[in-house]
Amino acid sequence: MSLKALIFDVDGTLADTERDGHRPAFNAAFAEYDLDWSWSVELYADLLNVTGGKERMTYYMERYRPQDTPLSAERIAELHQAKTQHYTQLLATGHLPLRPGVERLLHEARKAGLRLAIATTTTVDNVTALLRHSLGEESIAWFEVIAAGDVVPAKKPAPDIYYYALEKLALSAEDCLAIEDSENGLRSAVGADLRTLITINAYTDGQDFSRAAFVFDHLGEPHLPCQVLQGSLPHLSYVDVALLQQLAGQ
Ligand code: XBP
Ligand code: MG
């Protein structure tokens, strides 16, 4: 088969957004609402097992604050809106760069005529803010499909968001590759029958990626070689379109 499209996850894949982006934005929203919740870097590692900000706050409340009066779903949604505002403001400061190789691969993919899509559990506002502040306003239109957030009822690890992206692209799974960073993301993509390439990060290192086609530390650059952590490949310094086409054909 020939590769027709790449479907990218966002958080942890395009940029390391969790520790210094989403987490402080949640904390800023909690402070704004006079809640005595504060999520440390360590605690957040556990909270990340639950995808979706509203779902994550609900999990925190049930697991870590069982004595407190529970917040209503409406309150959680309000808090989440405030968090999105803090997060997009944080992105505007430009201190959350794209991961190595991401910008290069996007340019190469466009040149090679590959179609691009996004499948994420975060909100579309957060995706467009990240693209705007890292690659410029025009980059939003590079992605034919931005499948995000509550557009499907079940978030990752359910396959729904990838099924949704495939349906919008009008492609079958075998025409595409997914690029993810987490076990939840991998389960979602593989659940939709997508071959998946993983780039790990500090929060996802050590998770179960046995069903991934390949695992790298990052996508690499000519001056910053990547490491192949799983999958047999000859030595290479970065992931390019030729390699992705080869992977898709295997
Ligand atoms: C990302 C998420 C999101 C973000 C926070 O997972 O789980 O919930 O942490 O964003 P993935 P929101 O990379 O697998 O899509 O608060 O907007 O949900
Ligand atoms: Mg991710």
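Worth saying up front: this structure is predicted, and the values here are computed from it rather than measured. Counting starts at 1 for both ligands and their atoms, in listed order.
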Under 4.0 Å from a heavy atom of K83: which atoms of ligand 1 are those, numbered in the order shown and with their elements?
5 (C), 10 (O), 12 (P), 16 (O), 17 (O)
Taking N or O atoms only and a 3.5 Å limit, does H80 qualify as a polar contact for ligand 1?
yes
With a 6.0 Å cut-off on ring centres, are W37 and F26 close enough?
no
Pairs of nitrogen or oxygen atoms closer than 3.5 Å, one from E18 and one from ligand 1: do any exist?
yes
Do other residues, nucleotides or ligands put more than 12 heavy atoms under 6.0 Å from the CZ atom of R99?
yes
Among the N/O/S atoms of D11, select the one at the shortest distance from the Mg ion (ligand 2) and name it.
O
If we only count heavy atoms from C-beta on, is the L169 to E144 side-chain gap below 4.5 Å?
yes
Under 4.0 Å from ligand 1, counting heavy atoms only, is it the side chain of N126, its backbone, both or neither?
side chain
Out of the N/O/S atoms in D9, what is the name of the one closest to the Mg ion (ligand 2)?
OD2
Run down the list T121, V10, D9 and name the one with the heavy atom closest to atom 2 (C) of ligand 1.
T121
re atom 8 (O) of ligand 1, the protein heavy-atom contact at minimum distance is G52 N, 2.9 Å
Return the residue, atom name and 0.1 Å-rounded distance of the protein heavy atom closest to atom 17 (O) of ligand 1.
T122 OG1, 2.6 Å
Tell me which protein heavy atom sits closest to atom 14 (O) of ligand 1, plus the residue, atom name and distance to 0.1 Å.
K156 CD, 3.4 Å
Under 4.0 Å from one or more heavy atoms of Y44, ligand 1 contributes atoms 9 (O)
Tell me whether ligand 1 is touched by G185 - counting only heavy atoms on the residue side and a distance under 4.0 Å.
no
Between the side chains of R65 and D36, is the shortest nitrogen-to-carboxylate-oxygen separation below 4.0 Å, so that they form an ion pair?
yes
Hey, is the Mg ion (ligand 2) within less than 2.8 Å of some N/O/S atom on E180?
no
Note: H95 and D20 closest approach over all heavy atoms is NE2-O, 3.9 Å
What I want to find out is whether D9 reaches K156 closely enough, with some N-O distance under 4.0 Å, to be called a salt bridge.
yes
Salt bridge check: are K155 and D150 linked by an N-O gap of less than 4.0 Å?
yes
Within 4.0 Å of some non-hydrogen atom of F26, the atoms of ligand 1 are 16 (O)
For the hydrophobic clusters of this structure (ILVMFWY residues joined by side-chain heavy atoms under 4.5 Å, transitively), does one cluster hold both L130 and L219?
yes
Hey, which atoms in ligand 1 end up nearer than 4.0 Å to a heavy atom of T123?
17 (O)
Can V228 be reached from L105 by stepping across I, L, V, M, F, W or Y side chains whose heavy atoms are under 4.5 Å apart?
yes
Note: E78-R75 ion pair, threshold 4.0 Å (strictly below)
yes
Is the closest N or O pair between G53 and ligand 1 shorter than 3.5 Å?
yes
Is it the case that over 12 heavy atoms from other parts of the model lie below 6.0 angstrom from the NZ atom of K54?
yes
Give the atoms of ligand 1, by number and element, whose distance to some non-hydrogen atom of R56 is under 4.0 Å.
2 (C), 3 (C), 4 (C), 5 (C), 7 (O), 8 (O), 9 (O)
Run H22 and T122 through side chain to side chain contact (heavy atoms under 4.5 Å, CB included) and show every step you take.
CA-CA 10 Å; H22 289 293; T122 199; 3.6 Å; yes
To make sure I understand the geometry: which N, O or S atom in D181 is closest to the Mg ion (ligand 2)?
OD1
Short N/O distance, under 3.5 Å, between E180 and ligand 1?
no
